[in-house]
Amino acid sequence: MAFPKKKLQGLVAATITPMTENGEINFSVIGQYVDYLVKEQGVKNIFVNGTTGEGLSLSVSERRQVAEEWVTKGKDKLDQVIIHVGALSLKESQELAQHAAEIGADGIAVIAPFFLKPWTKDILINFLKEVAAAAPALPFYYYHIPALTGVKIRAEELLDGILDKIPTFQGLKFSDTDLLDFGQCVDQNRQQQFAFLFGVDEQLLSALVMGATGAVGSTYNYLGKKTNQMLEAFEQKDFSLALNYQFCIQRFINFVVKLENSKLKVSKNQRTLPLGTTNFPFLHREDCLSRRTLNY
Ligand SMILES: CC(=O)N[C@@H]([C@@H](O)[C@H](O)[C@H](O)CO)[C@@H](O)CC(=O)C(=O)O
């Protein structure tokens with residue numbers, strides 16, 4: 001087995017899938033996007049085809065191409081490229097997992113199937129296990145996002161004994177505000193080297209206190225630098241400074257979530273990265289602000 005490789009930690013940008021105005025994927029900007037993340041935001045890990053990347057609104061063929069382009073363009077520039085391969089169909093998910101391994105991705109992540117839902121932990125674990133087995137040399141992350149999947153099985157419960165079922169399990173991407181569940185995941189798995197990646201950017205500081213080892217989110221595309229400053233202050237135990245950064249980030253997110261999509265405007269900075277319009281169906285407002293054009 002090629003891993004465990006370097007533990008996934010720090011910030012992971014959930015990438016936006018660039019689109020042309022007519023809804024085709026704009027592969028041509030991905031190289032520029034990689035440079036922008038590394039140089040302007042100090043972010044060297046990415047999470048591709050997730051919620052922000054609208055992975056579940058893309059065809060399997062598009063998902064494969066997007067994954068491939070990010071891996072190719074990120075080579076020798078990014079630390080880790082994690083591909084989200086979750087799908088309603090187990091076979092599609094396995095195909096994407098296998099493909100991620102073939103192209104040299106650094107890990108795969110999977111959400112719970114969300115139409116015909118697993119109603120027990122064992123059913124969910126069995127689904128995840130089958131996907132993980134399709135890429136046995138790749139680190140596997142469970143992507144917990146109950147508000148969107150509707151699958152409310154607690155992550156803490158899921159993690160109990162997970163290595164017996166999924167030996168490639170490396171960590172949890174936790175996109176929920178239940179800090180009891182998150183804290184218990186950390187507390188009950190202290191002897192493991194799991195990555196605990198928090199996914200609610202506006203509450204990251206609370207999750208750091210609870211033991212988060214990193215974070216995956218949409219805002220690290222444009223607030224990566226600021227959030228890295230918060231991580232640094234936290235590391236230095238300057239909690240008051242860290243809180244100031246978190247409040248600053250919250251003010252921005254709070255402002256954006258209050259905006260109506262139709263009124264969104266991008267900032268006046270001169271250098272931009274064109275990302276086009278969103279795919280259908282439409283995503284979150286804060287991501288819409290950032291995706292039209294990443295300004296820096
Ligand atoms: C529901 C949702 O999209 N949550 C975002 C957050 O980054 C979110 O945009 C941020 O906290 C602002 O609310 C991430 O957890 C999603 C994510 O990591 C992904 O795109 O895969």
Side-chain angles (χ1 to χ4, degrees), residues 8-18 33 37 41 43 45-58 63 66-67 70 80-87 93 96 100 105 107-112 114 141-151 155 171-179 181-182 195-208 212-224 226-228 230-231 245-259 261 264 275 278-279 281-292 294:
L8 181 57
Q9 53 194 1
L11 296 187
V12 183
T15 53
I16 295 159
T17 301
Y33 194 160
L37 285 174
Q41 299 297 337
V43 173
N45 301 301
I46 58 170
F47 188 86
V48 175
N49 286 338
T51 307
T52 306
E54 301 169 87
L56 288 146
S57 306
L58 302 176
R63 290 175 72 170
V66 170
W70 279 107
Q80 296 208 30
V81 179
I82 309 300
I83 311 291
H84 171 246
V85 301
S93 213
L96 290 166
I108 52 170
V110 176
I111 53 166
F114 52 87
Y141 300 86
Y142 172 56
Y143 180 1
H144 180 66
I145 184 159
L148 292 186
T149 60
V151 175
L172 172 70
K173 167 169 156 31
F174 190 95
S175 285
D176 191 36
T177 53
D178 183 348
L179 286 175
D181 190 16
F182 184 70
F196 293 103
L197 307 161
F198 197 65
V200 184
D201 313 1
E202 52 276 45
Q203 299 179 2
L204 176 56
L205 185 56
S206 318
L208 290 176
T213 58
V216 184
S218 64
T219 66
Y220 310 133
N221 284 296
Y222 45 94
L223 293 176
K226 186 70 69 198
T227 310
N228 271 323
M230 183 178 88
L231 295 185
Y245 282 124
Q246 183 71 93
F247 282 155
C248 172
I249 291 161
Q250 284 193 343
R251 282 196 294 273
F252 178 84
I253 295 177
N254 202 35
F255 167 75
V256 174
V257 295
K258 284 182 183 162
L259 286 176
N261 182 53
L264 291 181
L275 297 176
T278 51
N279 202 354
F282 198 54
L283 255 190
H284 320 287
R285 283 170 294 183
E286 66 270 33
D287 294 329
C288 295
L289 173 72
S290 61
R291 72 161 303 121
R292 295 285 163 85
L294 274 181

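When a ligand or atom number is given, it counts from 1 through the structure's own listing order.
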Element-labelled atoms of ligand 1 that are located less than 4.0 Å from some non-hydrogen atom of [X]:
{"X": "S175", "answer": "15 (O)"}
{"X": "G50", "answer": "21 (O)"}
{"X": "G217", "answer": "7 (O), 18 (O)"}
{"X": "A14", "answer": "17 (C), 18 (O), 19 (C), 20 (O)"}
{"X": "V200", "answer": "11 (O)"}
{"X": "F47", "answer": "21 (O)"}

inquiry  = Can you classify the ring geometry of F198 versus F174 as parallel (below 30°), tilted (30 to 60°) or perpendicular (above 60°)?
reply    =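 Parallel: the ring planes of F198 and F174 meet at under 30°.
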query = Can you tell me if N221 uses its side chain to pair, donor with acceptor, with the backbone of A14 under 3.5 Å?
reply = yes
task = Return yes if some donor-acceptor pair links the side-chain N/O of N45 with the main-chain N/O of Q9 below 3.5 Å, else return no.
result =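 Checking the backbone N and O of Q9 against the side chain of N45, a donor-acceptor pair under 3.5 Å is found.
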ask   = With sequence neighbours left out, what residues match F196 under ring pair (Phe, Tyr, Trp, His ring centres under 6.0 Å)?
value = none
ask   = Would you say G199 and ligand 1 have an N/O pair spaced under 3.5 Å apart?
value = yes
task = May I ask you to check whether Y143 has an N/O atom sitting below 3.5 Å from an N/O atom of ligand 1?
result =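 Looking only at distances, the answer is yes, because the N/O contact criterion of under 3.5 Å is met.
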message = Holding to side chain to side chain donor-acceptor pair (under 3.5 Å), I want the full list of residues that pass it with S175, two or more places apart in sequence or in another chain.
response =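 S175 satisfies side chain to side chain donor-acceptor pair (under 3.5 Å) with K173 once adjacent residues are dropped.
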message = Looking only at the side chains, is there a donor atom on one of T149 and Y143 sitting less than 3.5 Å from an acceptor on the other?
response =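 No, no side-chain donor-acceptor pair sits under 3.5 Å.
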query = Between S218 and ligand 1, which residue portion shows a heavy-atom distance shorter than 4.0 Å: side chain, backbone, both, or neither?
reply = both
inquiry  = Give me the atom names and distance for the closest heavy-atom approach of L8 to T213.
reply    =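 L8 and T213 have their closest heavy atoms at O-OG1, 4.4 Å.
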query = Measuring from the heavy atoms of H84, does anything fall under 4.0 Å of ligand 1?
reply =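 Heavy atoms of H84 never come under 4.0 Å of ligand 1.
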